[in-house]
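One structure is given below, encoded as structure tokens.
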Amino acid sequence: MAGKLIIFSAPSGAGKSTIVHYLLKKFDNLEFSVSATSRKPRGTEQAGTDYYFLTPDEFRKRIENKEFIEYEEVYQDLYYGTLRSEIDRIAAKGNNIIFDVDVKGGLNIKKQFGDKALAIFIAPPSVNELSRRLNHRGTDSEEMIRQRVGKAKYELSFAPQFDVTVVNDVLETAQAEAEKLISEFLAG
Ligand code: ADP
Ligand code: 5GP
């Protein structure tokens, strides 16, 4: 396999998508691993760009066919997973791969790829700020926000298992920090 893997995990609302989008613009040979999910599209999300949106039945079939390198039920009845075909597609082009996955999926990928992967945990300054950001983003129902914030403390407990943690307090600082980490990792 040609490329290196860069994994971003964080509690929902910590700012990982914002940081990942910034990095994709900064590095030419970096490509986003489009995950599959059984949740419905949100806001301006595009099928095939942000996610492969599958029905729960389609998702189950792909599990049975062993098409995922990892998948998780991140929230109740909502499945997310990384397709082996996605990694093969990007690696075939000789690109490096960037992942936005939950904490368990992130550690799972790290375990499979070892030193070829850098696992970065994005931490919010506080759980209150996380909640404020999710409310401000305005893309989730109150119940969904409650579930996401409710899971955040548990997810934060996974941080020490990652290679490095970046605290996303001031966005520009966190972006610069992530950019430096990736430059060094890709050069190494
Ligand atoms: P995630 O992908 O981790 O769920 P997002 O990238 O969607 O998080 O960010 C959640 C919300 O917080 C978005 O509305 C985003 O614009 C905002 N945001 C991201 N980083 C910061 C920051 N450092 N300070 C304030 N708001 C932020
Ligand atoms: P969202 O619904 O906000 O897009 O994503 C919810 C959570 O699912 C986030 O923590 C996100 O990183 C995670 N996620 C997205 N894709 C995958 C995937 O392929 N595998 C796993 N394990 N988690 C994913």
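When reading the values below, keep in mind they use all heavy atoms of this one structure, side chains included, and skip hydrogens, waters and symmetry mates. When a ligand or atom number is given, it counts from 1 through the structure's own listing order. Index from 1, following the sequence.
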**Item:** Nearest-neighbour protein heavy atom for atom 7 (O) of ligand 1, which is reported as residue plus atom name and distance
**Value:** Arg137 NH1, 2.8 Å
**Item:** Atom NZ of Lys104: over 12 foreign heavy atoms under 6.0 Å
**Value:** no
**Asked** To which protein heavy atom is atom 4 (O) of ligand 1 closest, and what is the distance rounded to 0.1 Å?
**Response** Gly13 N, 2.8 Å
**Request:** Using the six-membered ring wherever Trp is involved, compare the ring planes of Phe68 and Tyr71 and label them parallel, tilted or perpendicular (cut-offs 30° and 60°).
**Result:** tilted
**Asked** Would you say Val164 and Tyr22 are hydrophobically clustered, going by side-chain heavy atoms of ILVMFWY under 4.5 Å?
**Response** yes
**Message:** I need the atoms of ligand 1 closer than 4.0 Å to a non-hydrogen atom of Lys16, numbered in the order shown.
**Reply:** 1 (P), 2 (O), 3 (O), 6 (O), 8 (O)
**Item:** For atom 9 (O) of ligand 1, the protein heavy atom that lies nearest, with its residue and separation
**Value:** Gly15 CA, 3.6 Å
**Asked** Are any non-hydrogen side-chain atoms of Tyr79 and Arg39 less than 4.5 angstrom apart?
**Response** no
**Within the 4.0 Å heavy-atom sphere of ligand 2, strictly under, residues** = Ala10, Lys16, Ser35, Arg39, Arg42, Tyr51, Glu70, Glu72, Val74, Tyr75, Tyr80, Gly81, Thr82, Asp100, Val101, Asp102, Gly105, Arg148
**Request:** Pick one of side chain, backbone, both or neither for how Asp169 approaches ligand 1, counting any non-hydrogen atom pair under 4.0 Å.
**Result:** backbone
**Request:** Any atoms of ligand 1 less than 4.0 Å from a non-hydrogen atom of Ser12? List them with their elements.
**Result:** 4 (O)
**Prompt:** Considering only the protein, which heavy-atom contact is closest to atom 6 (O) of ligand 1, and what is its distance?
**Reply:** Thr18 OG1, 2.5 Å
**Request:** Consider only side-chain heavy atoms of I, L, V, M, F, W and Y, link residues closer than 4.5 Å, and tell whether Phe32 and Ile120 are in one cluster.
**Result:** yes
**Request:** Tell me which protein heavy atom sits closest to atom 20 (N) of ligand 1, plus the residue, atom name and distance to 0.1 Å.
**Result:** Asn168 ND2, 3.0 Å
**Request:** Considering heavy atoms of the protein only, find what lies nearest to atom 21 (C) of ligand 1 and give residue, atom and distance to 0.1 Å.
**Result:** Arg133 CZ, 3.6 Å
**Message:** Side chains of Glu70 and Asn108: any donor to acceptor distance under 3.5 Å?
**Reply:** no
**Request:** Drop me the distance from Phe59's CZ to Glu67's CD, to the nearest 0.5 angstrom.
**Result:** 10.5 Å
**Request:** Check whether any heavy atom of Ala10 sits under 4.0 Å from an atom of ligand 1.
**Result:** no
**Item:** atom 2 (O) of ligand 1 [closest protein heavy-atom partner, distance rounded to 0.1 Å]
**Value:** Ser17 OG, 2.5 Å
**Message:** Just verifying a value: how many Å separate Ser131 OG and Ile145 CD1, rounded to the nearest 0.5 Å?
**Reply:** 7.0 Å
**Asked** Any nitrogen or oxygen of Val170, main chain or side chain, under 3.5 Å from a nitrogen or oxygen of ligand 1?
**Response** no
**Asked** Under a 4.5 Å side-chain heavy-atom rule over Ile, Leu, Val, Met, Phe, Trp and Tyr, are Phe185 and Ile97 clustered together?
**Response** no
**Message:** Any donor-acceptor pair under 3.5 Å linking the side-chain atoms of Tyr52 with those of Glu86?
**Reply:** yes
**Asked** Between Glu58 and Arg62, is there a side-chain N and carboxylate O pair less than 4.0 Å apart?
**Response** no
**Request:** Can you label the angle between the Tyr75 ring and the Tyr80 ring as parallel, tilted or perpendicular, going by 30° and 60°?
**Result:** perpendicular
